[in-house]
2 protein chains.
Amino acid sequence: MPPTIHDVARLAEVSIKTVSNVLNDYPHIRPATKQRVLDAIATLDYTPNLTARGLRSGRTGLVSLIIPDLRNAYFAELADIVVRAAEAQGLSVLIAQSNGDRERELSLLSGPRMQMVDGILFSALGLSAADNDLLARIRTPMVLLGERILDGPKDHVTMRNVEGTQAATEHLLSIGRRRLLAFGADPEQGTGSARLRLDGYRWALAGAGIAEDPDLVVRVVGWYRSTGAQSMRRLLERGVEFDGVVAFNDLIALGAMRVLQDAGLRIPEDVAVIGFDDVDETRYTLPTLSTIDPGREEIVEVALRWLTERIDGSAADLPPRDHLTAFRVLQRESTTPGGDGS
Amino acid sequence: MPPTIHDVARLAEVSIKTVSNVLNDYPHIRPATKQRVLDAIATLDYTPNLTARGLRSGRTGLVSLIIPDLRNAYFAELADIVVRAAEAQGLSVLIAQSNGDRERELSLLSGPRMQMVDGILFSALGLSAADNDLLARIRTPMVLLGERILDGPKDHVTMRNVEGTQAATEHLLSIGRRRLLAFGADPEQGTGSARLRLDGYRWALAGAGIAEDPDLVVRVVGWYRSTGAQSMRRLLERGVEFDGVVAFNDLIALGAMRVLQDAGLRIPEDVAVIGFDDVDETRYTLPTLSTIDPGREEIVEVALRWLTERIDGSAADLPPRDHLTAFRVLQRESTTPGGDGS
DNA sequence: ATGAAAGCGCTAACAT
DNA sequence: ATGTTAGCGCTTTCAT
């Protein structure tokens, strides 16, 4: 049995209240008393029982991060940042994976575990705006990430999908490409990143006075390396001509690049490629991948700040807030014709 | 305020004991009573308070996974598997990042948060066998992962580093390569994966009757894509000749491949490359990377099983156990001369 | 088969 | 400046 506050109190010859005061550094304690308590804590190797503290105070110091899955580098890197930022505030992060499945998201949100955390960072993929009532009913403070749910009943932080993709498209236009693939579109999707990024692509084309060619709007089901490769393979078989790829995320860009190169096409000479996300590995592929840095650090910083504000009540009666992070176009080799060694 | 067990009891007109019995499906309850309780739970939308349950029962249903960081795909994929496997058992996973820093590992292990979890999966990187006493003193059930600590005071699960690297090396020898880089060595390291994998490399050479050339043992500090690229760049500048690379993990293999290709060397024609870890992306690089599948699923399966055995006491008086998983050599394009389209 | 009551370790009124 | 005490929501003897 680990020592409790009572053991410390007995050894230091004070009441448990005093020990508790020392623990929560309550200001008015006589230095000598404090020292005695500290000594007792040290000799007993006492550690406060966070479960008990949580029960009593209603705060566990736990935050839940719900994401589709960690195999996706985007979410792994997001989780990395969340864990770091949370730890800096003395919070620990519980990670739950939804696989993007609506049922699973629902059961996670309503499960007993959510009662145990002070707040939730929820990157929805299965739920949609249709589930807003349900979300509104959840008492645990929550901040939404991503674009599945835009005008939900909770604070929301995400990246500038439209403007980012628009800038990516404009970047390809600026280096003289004209037949640009919207790679990763999902025409059926009325919302979500696929929709928004397609909008950005269209805005850019419209701005340049280029008519949209439906052949160039390419569907990719599930944004993985494998599906990107698959869609690109099919596209090449169909013989569609293009000189630039606006990929809606880095993974499908990478999968597509692989297939393009296999087919003997040079990047960027024959086809320029730009991705979205600025996943770590885009700096080391051959060629390195131009991409959009969506401002992940900023997403986490704002989301966590807002979450703690909701937890401590300092933002209690504010209506749901919305934040879009700043993005940057990162030009790398995949869109730099005549570049160095590639 | 969420409803408590008392609210349920009142509504169902039973005592809290009965509600508790239903919750923990205690067998001897009259069906009618049980139904009334279930109805009350449903109408109140009651969810048990896990913190209270944890305080009372001494079990929180939480498991902590301590890893260096999630940016490393190996650990992200490991975490993914751990989260899945834990959820299947009703456990939730708390993720803590150590950055491989000894001090940080120590403070995590001795911090109050560890009091809150039922068990710890600890992938040590900073601690070493010298810290065994310290580890022995930790009461929370724990399973060690990885090879920093081999004969520690806790159950230990890891991959066959030596045999795996030996097999990787033999694979390169089998396709006729003779001047093989031990890429990722750290001669100063007396233990850890770098050491073990170097041993495997040596065994294979010895088995083939090839003398070791010190020039071919290449140090890589920190196993990241960037450091792999860096080390390879320096090596090429020095003009060392080689026709095969036994990379001690996939990331440095990928970084090195990039540099090799930049330098105009063909893979595998000029240089064959094999990695270690079977990280997801090795299937989509150009060329695809041959590697060693270390049996991650098995690592997690055994580690979690042993951990729960320690938690529930069913392995209470067993001495520390050890498990090495089965590995597989995955031959892909980077070691397949005259292969298909690359 | 169900109820009464103690208590897990802690915080926070309320006292002094 | 420090002590006393109630009680957070639950599980668990011990009764009945």
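Order of the sequence lines sets the chain letters (A, B, ...), proteins ahead of strands, with each chain counted from 1.
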Q | Greater than 12 external heavy atoms within 6.0 Å of Q35(A)'s CD | A | yes
**Q.** Any side-chain donor near an acceptor of the partner, S20(A) and N24(A), under 3.5 Å
**A.** yes
Between [X] ([atom1]) and [N] ([atom2]), how many Å, whole number?
X: I5(B); N: dG3(C); atom1: CD1; atom2: P; value: 12 Å
X: L50(B); N: dG9(D); atom1: CG; atom2: P; value: 14 Å
X: E13(B); N: dA1(C); atom1: CD; atom2: P; value: 21 Å
X: K17(A); N: dA1(D); atom1: NZ; atom2: C1'; value: 9 Å
X: R10(A); N: dT4(D); atom1: CZ; atom2: P; value: 14 Å
X: H6(A); N: dT5(D); atom1: NE2; atom2: P; value: 12 Å
X: N21(A); N: dC10(C); atom1: CG; atom2: C1'; value: 13 Å
X: L23(A); N: dT11(C); atom1: CG; atom2: C1'; value: 11 Å

Q) What pair of heavy atoms forms the shortest contact from L70(A) to Q97(A), and how long is it? A) N-OE1, 2.9 Å
Q. Given that A52(A) and V14(B) both sit by DNA chain C, which one's nearest nucleotide is further toward the 5' end?
A.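 Counting from the 5' end, the first nearest nucleotide belongs to V14(B).
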Tell me whether the OP1 or OP2 atom of [N] has a side-chain N or O from [X] closer than 4.0 Å.
X: S20(A); N: dT11(C); result: yes
X: T33(B); N: dT2(C); result: yes
X: S15(A); N: dG3(D); result: yes

Q) For I16(A), which contact category applies under a 4.0 Å heavy-atom criterion: base, sugar-phosphate, or nothing? A)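 Base: the residue I16(A), judged by heavy atoms under 4.0 Å, touches a nucleobase.
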Q.
Name the residue from L91(B), L50(B), T47(B) that meets the side chain to side chain contact (heavy atoms under 4.5 Å, CB included) definition with R113(A).
A.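 Among L91(B), L50(B), T47(B), the one meeting side chain to side chain contact (heavy atoms under 4.5 Å, CB included) with R113(A) is L50(B).
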Q: Have a look at I66(B) and tell me which of L145(B), L121(B), I120(B) forms a side chain to side chain contact (heavy atoms under 4.5 Å, CB included) with it.
A: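 Single pass found, and it is I120(B).
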Q. Distance-only, no hydrogens or angles: does the E298(A) side chain make a donor-acceptor pair with backbone N or O of T325(A) under 3.5 Å?
A. no
Q.
Tell me if a side-chain donor or acceptor on R310(A) pairs with a main-chain N or O of A315(A) at a distance below 3.5 Å.
A.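 Looks like yes, one N/O pair under 3.5 Å.
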Q: Can you sort out which residues in residues 53-60 of chain A have a heavy atom within less than 4.0 Å of DNA chain C? Ascending by number, please.
A: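 Those residues are R53(A), R56(A).
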Q: Choose from dT2(D), dT11(C), dT11(D) the nucleotide whose nearest atom is closest to any side-chain atom of N24(B).
A: dT11(D)
Q: Could you please name the option among dT2(C), dC10(C), dT4(D) that lies closest to any side-chain atom of T18(B)?
A: dT2(C)
